[in-house]
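Note sheet for the following structure.
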Amino acid sequence: MPELPEVEITRRGIEPHIYNQTITQVVIRQSQLRWRIPKIIESELAQQVIQSVTRRGKYLLLNTARGHLILHLGMSGSLRIAKHESDIRKHDHFDLVFNDFSLRLHDPRRFGCVLWTKRNPMHHKLLASLGPEPLSSEFTAEYLYHSSRNRRVAVKEFIMNSHIVVGVGNIYATEALFMAGIHPKRTAGNVSLQRYIRLTKAIKIVLNRALECGGTTLRDFSNEQGQPGYFSIELQVYGRAGQPCAICRNPLASIKQSQRTTTYCKHCQK
DNA sequence: ACAGTAACCTGTTTGC
DNA sequence: TGCAAACAGGTTACTG
């Protein structure tokens, strides 16, 4: 999926188009995503004005006076601003129709979701227990250090856990561990504060740089105009198994951790 | 509370 | 060339 940078790029892209705009219609073409899209939004959202577009982790929130639409892009989702006359492509599952365009959700794998709550969305079951935002001041080495004591999972799985910290997916976890020189299989509970200082810095640097590049596009991701992000050309290890390490030139190794590929340098990451 | 695994989907790439 | 298996940006639900 879209990890945090891609979701934030999407948020920034759609906000100026839909802010203060009135939804004229809701179109559900395929309701069966990760969870069924609630049909009630067809009536609830009609004539509602978008008051703000916010983000929590990888969730996008479209806020109206009547309630909050919670969107997640899953592994393959993207949102775009589509002209009314533009063709509906396969996997265009959902539209919010405005006067001059539609906000259109495209998601081939359907791991994304579109949910609705009338209450404070931060209290929604899926959002209530999320960890801190990685680019916020709450996300510190001390926080990671303390919350990892007695945890036996590998440090890579630990930082990919959204209840620990949101927004860090497979690409950026892989890249940040390389930047920090930390072996991805090291037990989270045995990582020193010094190492977590390096890791928190690396996570912030990698995410901020990806944001500057418009995100990472491997195949599916595109911004609200349908354009890719360019951080992929700066990836140091992700997708580069067998290629020489940028630092020591030894070939990069590849392993599986919780069914996810991890690429790393045996020499530079300890 | 924690750890490990299966599950939800389709499309593309890889291997025989 | 054809077919099957493996793999892909995520995260919840379930089991022990």
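First the proteins, then the strands, lettered A, B, ... as listed; each starts at 1. Nothing here was measured: the structure is a model prediction, and the numbers come from that model.
Among the protein residues, Thr261(A) comes within range of the sugar-phosphate backbone only, with heavy atoms under 4.0 Å from sugar or phosphate atoms but none that close to a base. If you check every strand for non-hydrogen atoms under 4.0 Å, His163(A) touches sugar and phosphate atoms only. The residue Arg152(A) sits close only to the backbone: its heavy atoms come under 4.0 Å of sugar-phosphate atoms, none of a base. When heavy atoms are screened at a 4.0 angstrom cut-off, Gln259(A) is found touching base atoms of the nucleic acid. When heavy atoms are screened at a 4.0 angstrom cut-off, Leu33(A) is found touching no nucleic acid atom at all.
The backbone N or O of Phe98(A) lies less than 3.5 Å from a partner atom in the side chain of His84(A), making a donor-acceptor pair.
Between Phe111(A) and dT11(C), no base-stacking contact is recorded for ring centres under 5.5 Å apart and planes less than 30° from parallel.
Relative ring orientation between Tyr172(A) and Phe231(A) is described as tilted, the plane-to-plane angle lying within the 30° to 60° band.
Checking dC7(C), dT12(B), dG10(C) against the side-chain heavy atoms of Lys256(A) singles out dC7(C) as nearest.
Between the side chains of Lys256(A) and Thr261(A), at least one donor-acceptor pair of N or O atoms lies under 3.5 Å.
For Arg110(A) and dT10(B), a side-chain-to-base donor-acceptor distance below 3.5 Å is absent, hydrogens and geometry of angles not being considered.
One finds a side-chain N or O of Lys125(A) lying less than 4.0 angstrom from the OP1 or OP2 phosphate oxygen of dA13(C).
Separation of the P atoms belonging to dC14(C) and dC9(B) is 15 Å when rounded to the nearest angstrom. Taking the P atom of each, dG11(B) and dT1(C) are spaced 22 Å apart, rounded to whole Å.
When all heavy atoms of Ser31(A) and Arg36(A) are compared, the pair lying nearest together is OG-NH1, 2.8 Å.
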